[in-house]
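To keep things clear, I will list the structure first and then write my remarks on it.
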Amino acid sequence: MPKANSPPLSPEPELDLSTKGQVKDPSALSSAVEAAKARFLERNPISGKLFEEASQYLPGGNTRTLLYTAPYPICMKKGEAYKVYDEDGHEYTDFVGELTAGLYGHSHPVIQKCLIDTITNVGLNLGSTIAQEAAHAKLMCSRFHLDKVRFCNSGTEANMHALAGARYFTGKRKVVVFSGGYHGAVFGFWDGVQENGVDKHEWVIGRYNDVEGAKKLIEQDDIAAVLVEGMQGAGGCIPGTREFLHQVQESAKKVGACFILDEVMTSRLSPSGLQAILGLSPDLTTFGKWLGGGLAFGAFGGREDIMAVYDPRSPSSLAHSGTFNNNTLAMHAGFTGLSEIWKPEVAIEFNELGDSFRADLQAVARGTKMSVTGRGTLVGIHFSQEGTTEIPCREAIVEDWDLKDLFFMEMMEDGFWLTRRGSIALILGTPKSELDRFVKSVGQFLERHQNLVTLAK
Ligand SMILES: Cc1ncc(COP(=O)(O)O)c(C=O)c1O
């Protein structure tokens with residue numbers, strides 16, 4: 001069992017419906033949360049039953065920690081376009097967007113056709129090289145300015161292999177990362193190195209957006225790589241500043257460390273990722289999520305000389321295998337999504353829509369304990385006693401989880417599917433009217449709970 005003082009395995013504590021609020025009148029918040037919980041139990045009996053059954057075979061009825069919420073998670077039955085439907089018969093606008101992987105939604109006709117064609121005409125997993133992997137690689141190299149790329153099955157794997165490559169290439173072992181960063185299942189840096197993290201003694205953890213701190217940490221002799229998100233996604237949609245990210249890049253280049261930009265989430269923020277917006281040229285970039293068209297996917301790529309460590313024609317190359325690395329469905333659906341749906345003009349327009357959505361949310365949140373962060377179509381919703389709006393790093397805000405829980409449950413009642421931590425990843429094709437309905441619903445929430453959310457003057 002984890003030690004009592006070990007860091008949490010997920011970025012948020014379990015849904016705690018007890019009276020731990022930090023408001024002036026904790027009992028008022030606690031009563032509101034209790035009432036919301038009672039309504040939740042009443043509205044979702046089938047999810048409750050399914051959870052009990054699942055708990056007999058899965059620890060905590062769960063196989064993705066993030067998706068566990070007490071008293072039990074909602075069990076979804078199906079999805080269609082930008083909507084999901086639960087087992088108890090409720091319909092939701094899906095703002096979870098499979099944590100950015102669901103960019104194309106649940107039933108995009110172009111993706112559906114591609115999958116059916118692939119199953120019908122190609123088959124599953126041929127146990128061989130297929131031409132489609134080179135086609136997807138070529139497209140990714142041109143869109144993301146990579147010399148070479150390799151595929152894997154998840155963003156976690158992409159980071160694992162990028163790090164291994166960087167270490168092998170530099171002959172060094174230390175890796176600089178930043179607190180609040182999340183780079184995959186065994187690469188979370190919430191409050192130090194997570195208990196089930198890998199290579200725990202090699203990490204050097206800096207503070208996100210701390211320009212001078214990053215310079216100091218990176219400019220040492222023994223740093224193999226710096227691994228950083230251009231915007232911390234799981235950490236709360238906290239954008240990295242241009243100055244910070246360019247300092248990371250400059251310092252890494254100065255000492256010959258590999259600058260690895262984790263674009264597993266942020267690659268959808270422009271036609272060529274966040275790096276294009278910020279003018280960054282990472283040595284390696286890691287990808288995943290939506291670039292598999294909705295199927296399990298990961299990729300890492302960048303500089304020719306670094307990626308050459310994975311060239312099997314060299315006797316000293318690193319092995320990089322994976323049964324499903326080039327599986328037919330992800331290779332076809334990823335390519336089709338990127339070439340036929342996610343055209344540059346679509347990426348630009350969709351992210352502009354996200355920017356105006358976020359601005360609308362920020363406007364309704366003004367003067368309250370809610371704050372809104374993010375970039376483009378990725379949004380982070382925060383609640384804190386101070387209503388902190390400047391959030392350069394995880395350490396800058398103490399989230400009020402009771403308010404977050406209340407928000408989470410009441411937004412569900414209004415028909416919006418969110419993560420409990422308050423992150424939103426918009427699905428392409430979500431009508432503007434649904435975004436406006438959400439802004440209105442948030443405004444009504446803040447109005448309804450004025451006594452709990454208004455900032456003291
Ligand atoms: C920035 C970032 N890197 C890596 C990962 C890991 O990706 P996967 O869940 O596909 O392993 C995630 C997942 O959320 C992520 O947000």
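Whatever order the structure lists them in is the order used to number ligands and atoms, beginning at 1. In what follows, every heavy atom counts, from backbone to side chain, and hydrogens, waters and symmetry copies are set aside.
Side-chain atoms of T336 come within 3.5 Å of backbone N or O of H332 as a donor-acceptor pair. Distance alone, capped at 3.5 Å, places no donor-acceptor pair between the S251 side chain and the V248 backbone.
For Y92, the side-chain hydrogen bond (donor to acceptor under 3.5 Å, both in side chains) criterion is met by D86, not counting sequence neighbours. Scored by the ring pair (Phe, Tyr, Trp, His ring centres under 6.0 Å) test, F287 finds F144 as partners (sequence neighbours excluded).
Ring centroids of Y310 and F300 are separated by less than 6.0 Å, placing the two rings close together.
For ligand 1, the 4.0 Å heavy-atom shell takes in S154, G155, T156, N159, Y182, H183, G184, E229, D262, V264, M265, K289, ordered by chain and residue number.
The ring-ring contact (aromatic ring centres under 6.0 Å, His included) pairs that include a residue from residues 225-258 are F178-F244, Y208-F244, where partners are two or more places apart or lie in different chains.
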